[in-house]
Asks: 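Quick one: structure below, then a few questions.
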Amino acid sequence: MPEQPPQNTEPPTPDAAERSREAKWMTRGIAGALIVWGTLLGIGATMGIAEQTPGGDPRKLLVVAGTTGLFLMLWGGVLLAAKRRKPRRRAVPAPSTDESNPG
């Protein structure tokens, strides 16, 4: 029976776990900033601070909130798809020490 290459069963290194944690916080920070930005943009559109944009129409807030939410959902979906497609690291089999098969 042919020998199976050893499986990499070691837990991730603390460095990799720490980088993953930092990446999650960065992603959440960016998403939070986009939510705040969309909220402020929606409030500004509804209030109509400038003379060119008459205020008082709450539908503007719904349009801005909806498009910001759709953008965040699209962005999250792309990140999730990329995470699922990410190739797993596999252990590289050690070179064979069998002298009967030189090639």
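Atoms considered below: every heavy atom in the structure, side chains included; atoms not considered: hydrogens, waters and symmetry mates. Everything quoted here is computed from the prediction, not taken from an experiment.
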Asks: Distance check, rounded to the nearest 0.5 Å: Arg19 atom CZ versus Asp15 atom CG?
Replies: 6.0 Å
Asks: List for me each residue that meets side-chain hydrogen bond (donor to acceptor under 3.5 Å, both in side chains) alongside Arg59, sequence neighbours excluded, and say none if there are none.
Replies: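 Checked Arg59 against side-chain hydrogen bond (donor to acceptor under 3.5 Å, both in side chains); matches are Asp57.
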Asks: So how far is it from Leu41 CG to Leu34 CG, rounded to the nearest 0.5 Å?
Replies: 11.5 Å
Asks: When the side chains of residues 62-72 are checked against the rest of the protein, which donor-acceptor pairs come out under 3.5 Å, sequence neighbours left out?
Replies:
from  : atom 1 : to    : atom 2 : distance (Å)
Thr67 : OG1    : Val63 : O      : 3.0
Thr67 : OG1    : Val64 : O      : 3.0
Thr68 : OG1    : Val64 : O      : 2.9

Asks: Test question: given the 4.5 Å side-chain rule for I, L, V, M, F, W and Y, name all other residues clustered with Leu40, or answer none.
Replies: Val36
Asks: Spell out, yes or no, whether Ile35 and Met26 are grouped together once hydrophobic residues are joined by side-chain heavy atoms under 4.5 Å, including indirect joins.
Replies: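 Yes, same cluster.
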Asks: Could you pull out all residues at least two apart from Thr27 that satisfy side-chain contact (heavy atoms from CB on, under 4.5 Å)?
Replies: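 Result, side-chain contact (heavy atoms from CB on, under 4.5 Å) vs Thr27: Trp75, Leu79.
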